[in-house]
Amino acid sequence: MCVTAVESRPAGVLGESRSSSHRPFGARVKAFVALTKPRIIELLLITTVPVMFLAQRGVPDLTLVLLTCVGGYLSAGGANALNMYIDRDIDALMDRTSQRPLVTGMVSPRECLAFGVTLAVVSTLLFGFAVNWLSAWLSLGALLFYVVVYTMILKRRTSQNIVWGGIAGCLPVLIGWSSVTDSMSWAPIILFLVMFFWTPPHYWPLSMKVKEDYARVGVPMLPVVASNKVVAKQIVIYSWVMVAVSLLLTPLGYTGWFYTLVALLAGGFWLWEAHGLQNRAKAEVTGVKLKEMRLFHWSITYVSILFVAVAVDPFLR
């Protein structure tokens, strides 16, 4: 997924794993948890569970919610671990990733690979036997898309990496719906598209801040290969489409006045921030005065608020 925790630490050096005497059990447990990127998965679950409420038109079976959350965590955690395995060379050279477990040697590459594959297999079987197989295949598809399409193919080759690679982070919306209905509908597809258009303007502000990191390792994120003006313009375009798509649920009959009001207010504030960033970029403001991280932080708040409204709306109709 493309939701990213910001870190700022000295760049590390990728080396051999530490000896067992220098890898205490508690630290090792924390390292394996870190491989799953739990802060990112929190947001993935925020986009999964509310859709289950929308699909159920009320409170879904709580056991099903728990199984879907556990399966989703294991699947996304496996994808994130495999991402770290593949990117361990550049992670060692980037400031914000220099303390990841593979870079510090707390976890060996072989252990990381085995851990990621195990989580992928367990999560797929859990979804298949405890939820339904449609959700299992969607979950496996999200994992493979993130690891193969984004990490292995797109990330180091094109500035559109996050646009298309972000599809993996949109699939939890479909999984939330399918876990309840064992089918698809226009509602999850619309929310999938909201997340699709949300991902680039969520990630590009962060990329603007750490573009030197990406430039150092040859990853062509859009802010590395384009000016701040160009990036900000793209952010505004995607933002307008995202807000417009978010409003389609109501005319199609899936949501009512509460969701519509929240989507308008939250979307309006998003557009205010996006245009503010564009105006500063046009004025050639740089450094801390560009305030690109304001939109990054709001983007996380926005998607949380929007999906809470998705969950609450059925109870107010």
Side-chain angles (χ1 to χ4, degrees), residues 1-5 32-56 59-85 112 115-151 165-185 187-196 198-199 202-203 299-300 303-308 310-311:
M1 175 63 184
C2 306
V3 179
T4 308
F32 277 99
V33 172
L35 288 176
T36 67
K37 301 182 186 177
R39 289 183 62 189
I40 294 176
I41 296 175
E42 287 176 14
L43 201 59
L44 292 179
L45 296 180
I46 286 175
T47 64
T48 303
V49 176
V51 178
M52 298 179 72
F53 279 75
L54 182 63
Q56 186 66 45
V59 180
D61 180 81
L62 297 182
T63 301
L64 180 63
V65 173
L66 177 61
L67 290 169
T68 302
C69 288
V70 172
Y73 186 97
L74 295 177
S75 180
N80 289 328
L82 294 172
N83 168 266
M84 287 195 198
Y85 173 80
C112 180
F115 182 66
V117 171
T118 299
L119 292 185
V121 172
V122 171
S123 64
T124 303
L125 294 177
L126 176 62
F127 266 119
F129 288 109
V131 182
N132 57 59
W133 284 103
L134 175 57
S135 299
W137 299 132
L138 287 170
S139 174
L140 181 60
L143 184 150
L144 292 175
F145 198 96
Y146 183 65
V147 174
V148 178
V149 178
Y150 172 67
T151 306
I167 288 175
C170 306
L171 286 171
V173 173
L174 303 186
I175 294 169
W177 185 275
S178 68
S179 66
V180 173
T181 66
D182 198 13
S183 65
M184 276 295 108
S185 178
I189 292 173
I190 290 169
L191 290 170
F192 173 97
L193 291 174
V194 170
M195 294 304 297
F196 177 81
W198 170 88
T199 302
H202 156 72
Y203 200 84
S299 69
I300 299 173
V303 79
S304 302
I305 291 173
L306 189 75
F307 277 83
V308 167
V310 167

Novice: Hey, does F127 have a side-chain heavy atom less than 4.5 Å from the side chain of I175?
Specialist: yes
Novice: Within the side chain of T48, is there an N or O that forms a donor-acceptor pair under 3.5 Å with the backbone of G176?
Specialist: no
Novice: To the nearest 0.5 Å, how far apart are CD1 in I41 and OG1 in T36?
Specialist: 4.5 Å
Novice: Looking only at non-hydrogen atoms, find the nearest pair between I300 and H202 and report the distance.
Specialist: CG1-CE1, 3.9 Å
Novice: Looking at V51, V65, D61, V180, which one forms a side chain to side chain contact (heavy atoms under 4.5 Å, CB included) with Q56?
Specialist: V180
Novice: Nearest 0.5 Å, what's the OG1-CG distance between T47 and L306?
Specialist: 10.5 Å
Novice: Of all the heavy-atom pairs spanning F32 and F115, show the shortest one and how long it is.
Specialist: O-CE2, 3.6 Å
Novice: Taking all heavy atoms of L44 and all of G169, pick out the closest pair and write down the distance.
Specialist: CD2-O, 4.0 Å
Novice: Out of curiosity, L144 CG to S139 OG, how far, rounded to the nearest 0.5 Å?
Specialist: 9.5 Å
Novice: How close do T181 and A55 get, heavy atom to heavy atom, and via which atoms?
Specialist: CG2-CB, 3.9 Å
Novice: Could you tell me if the side chain of T124 sits less than 4.5 Å from the side chain of L143, heavy atoms only?
Specialist: no
Novice: A79 and V147: which non-hydrogen atoms are nearest, and at how many Å?
Specialist: O-CG2, 3.8 Å
Novice: Go through the steps to decide whether W177 and L54 satisfy the test side-chain contact (heavy atoms from CB on, under 4.5 Å), and finish with yes or no.
Specialist: CA-CA 8 Å; W177 185 275; L54 182 63; 4.1 Å; yes
Novice: Just to verify, what does Y73 make a ring-ring contact (aromatic ring centres under 6.0 Å, His included) with, not counting sequence neighbours?
Specialist: none
Novice: May I have the step-by-step check of side-chain contact (heavy atoms from CB on, under 4.5 Å) for I46 and L43, ending in yes or no?
Specialist: CA-CA 5 Å; I46 286 175; L43 201 59; 3.9 Å; yes
Novice: Working to the nearest 0.5 Å, report the span between SG of C170 and CG of L191.
Specialist: 10.5 Å
Novice: For the residue pair F192 and M195, establish whether any side-chain heavy-atom pair is separated by less than 4.5 Å.
Specialist: no
Novice: Is N83 close to K37 at the side-chain level, that is, under 4.5 Å between some pair of heavy atoms?
Specialist: yes
Novice: I'd like to know whether V173 forms a side-chain contact (heavy atoms from CB on, under 4.5 Å) with V194, so could you lay out the CA-CA distance, the side-chain angles of the two residues, the decisive distance to 0.1 Å, and finally the verdict.
Specialist: CA-CA 10 Å; V173 173; V194 170; over 6 Å; no
Novice: Go through the steps to decide whether Y150 and I167 satisfy the test side-chain contact (heavy atoms from CB on, under 4.5 Å), and finish with yes or no.
Specialist: CA-CA 9 Å; Y150 172 67; I167 288 175; over 6 Å; no
Novice: Nearest 0.5 Å, please: how far is OG in S304 from CD in E42?
Specialist: 9.5 Å
Novice: Between L82 and V117, is any pair of side-chain heavy atoms under 4.5 Å apart?
Specialist: yes
Novice: Is it the case that the side chain of S75 and the backbone of G71 share a donor-acceptor pair, with hydrogens and angles ignored and the cut-off at 3.5 Å?
Specialist: no
Novice: Tell me every residue that passes ring-ring contact (aromatic ring centres under 6.0 Å, His included) with W133, counting only those two or more places apart in sequence or in another chain.
Specialist: F129, W137
Novice: Where the side chain of S135 meets the backbone of S179, is there a donor-acceptor pair that is under 3.5 Å apart?
Specialist: yes
Novice: What heavy-atom pair brings C112 and L35 nearest, and what distance separates the two atoms?
Specialist: SG-CD2, 4.0 Å
Novice: First locate atom CZ of F145, then atom CG of L138, and finally report the distance between them rounded to the nearest 0.5 Å.
Specialist: 13.5 Å
